[in-house]
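Just so you know, these numbers come straight off a predicted model, no measurement behind them. Both counts, for ligands and for their atoms, begin at 1 and track the order of listing.
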Amino acid sequence: VKDSSVIVVGAGIGGLAAALGLLRAGQRVRLVEQVAELGEVGAGLSITPNAGKALVALGLGETLRRIGSRPPDGAIRHYATGEVLVTLAQDQSGERYGLPLYHVHRADLHDALAAAVRALDPACLATGNALVGLESRADGVAARLRDGTVATADWLVGADGIHSATRWRCSVQTGRTSPATWPTAASCRASSCPQRCSRRRCA
Ligand SMILES: Cc1cc2nc3c(=O)[nH]c(=O)nc-3n(C[C@H](O)[C@H](O)[C@H](O)COP(=O)(O)OP(=O)(O)OC[C@H]3O[C@@H](n4cnc5c(N)ncnc54)[C@H](O)[C@@H]3O)c2cc1C
């Protein structure tokens, strides 16, 4: 769909990659992130060839080569003693899949994605705000944000992590609730819980 508007919730690697892909496809994107400042979170990531190809498609192939290192081989060690438990053969991904396995620091990848999003649309990323309510309408979606505003768009992408409030709110709306989709206390507030689910899950 050309020239539609999309709200992306969460500016982790998933949300930034989604926003970048949508911007490159000509969509109008608003990316909402709850933390005030994007910071250095996490450590090493293995970028397997399929993930690497997604980054190449997003225009970040050169960046991947710059920030990534290519392990010649690998080993799994005992966490305490350092004893080698398993050795991994030299990476054959380049020959087999057309792109080698890279190791990157998560912060480097996150920075690169954020920079690419901002380069395409400096106003796209709004930090320090969060999705607190969601309503599906005939003509799109209305997202209630923590600052009291309501953002509307044609589509909404939930990229707000493993305890996704978006996923939970969608499942409440569609009636497809199950314990697997309930949030933890961290992302569920009793005052905003449409389900009024038990206090053991709502903080
Ligand atoms: C120890 C470890 C090692 C890993 N190693 C690898 C690896 O080698 N290779 C690999 O591919 N993957 C690896 N992973 C998995 C990978 O790190 C995650 O799958 C990935 O980072 C998830 O990204 P995400 O954007 O979906 O979620 P997140 O990084 O959790 O981002 C979600 C974002 O949404 C924001 N948010 C949450 N709720 C709201 C809201 N209501 N409103 C607005 N914003 C909100 C959060 O603040 C956050 O910024 C590893 C994970 C761990 C824990």
Closest to atom 7 (C) of ligand 1 (judged by heavy-atom distance), picking from Ser164, Ser46, Gly128: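 Closest candidate by heavy-atom distance is Ser46.
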
Cluster check Ile47, Leu16: I/L/V/M/F/W/Y, side chain < 4.5 angstrom: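 Yes.
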
Would you mind listing every side-chain hydrogen bond (donor to acceptor under 3.5 Å, both in side chains) that reaches into residues 107-132, with sequence neighbours excluded? Asn129-Asp147

Does Leu125 reach the side chain of Leu38, with side-chain heavy atoms less than 4.5 Å apart?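 Yes - at least one pair of side-chain heavy atoms lies under 4.5 Å apart.
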
Just jot down the ligand 1 atoms closer than 4.0 angstrom to any heavy atom of [X], in number order.
X	value
Gly14	24 (P), 25 (O)
Ala159	32 (C), 33 (C), 34 (O)
Val32	43 (C), 44 (N)
Gly161	27 (O), 30 (O), 32 (C)
Arg106	21 (O), 29 (O)
Ala130	42 (N), 43 (C)

Determine whether more than 12 heavy atoms belonging to other residues, nucleotides or ligands lie under 6.0 Å from atom CD1 of Ile162. no

Is the number of heavy atoms from other residues, nucleotides or ligands under 6.0 Å of Glu37 CD greater than 12? no

Report yes if some N/O of [X] lies less than 3.5 Å from some N/O of ligand 1; otherwise report no.
X	value
Leu131	yes
Val9	no
Gln34	yes

Option among Leu58, Val8, Leu23, Val29 that satisfies the side-chain contact (heavy atoms from CB on, under 4.5 Å) test with Val117: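 With Val117 as partner, Leu58, Val8, Leu23, Val29 yield a single side-chain contact (heavy atoms from CB on, under 4.5 Å), made by Leu23.
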
Glu33 side chain to Val35 backbone, donor-acceptor under 3.5 Å: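 Present.
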
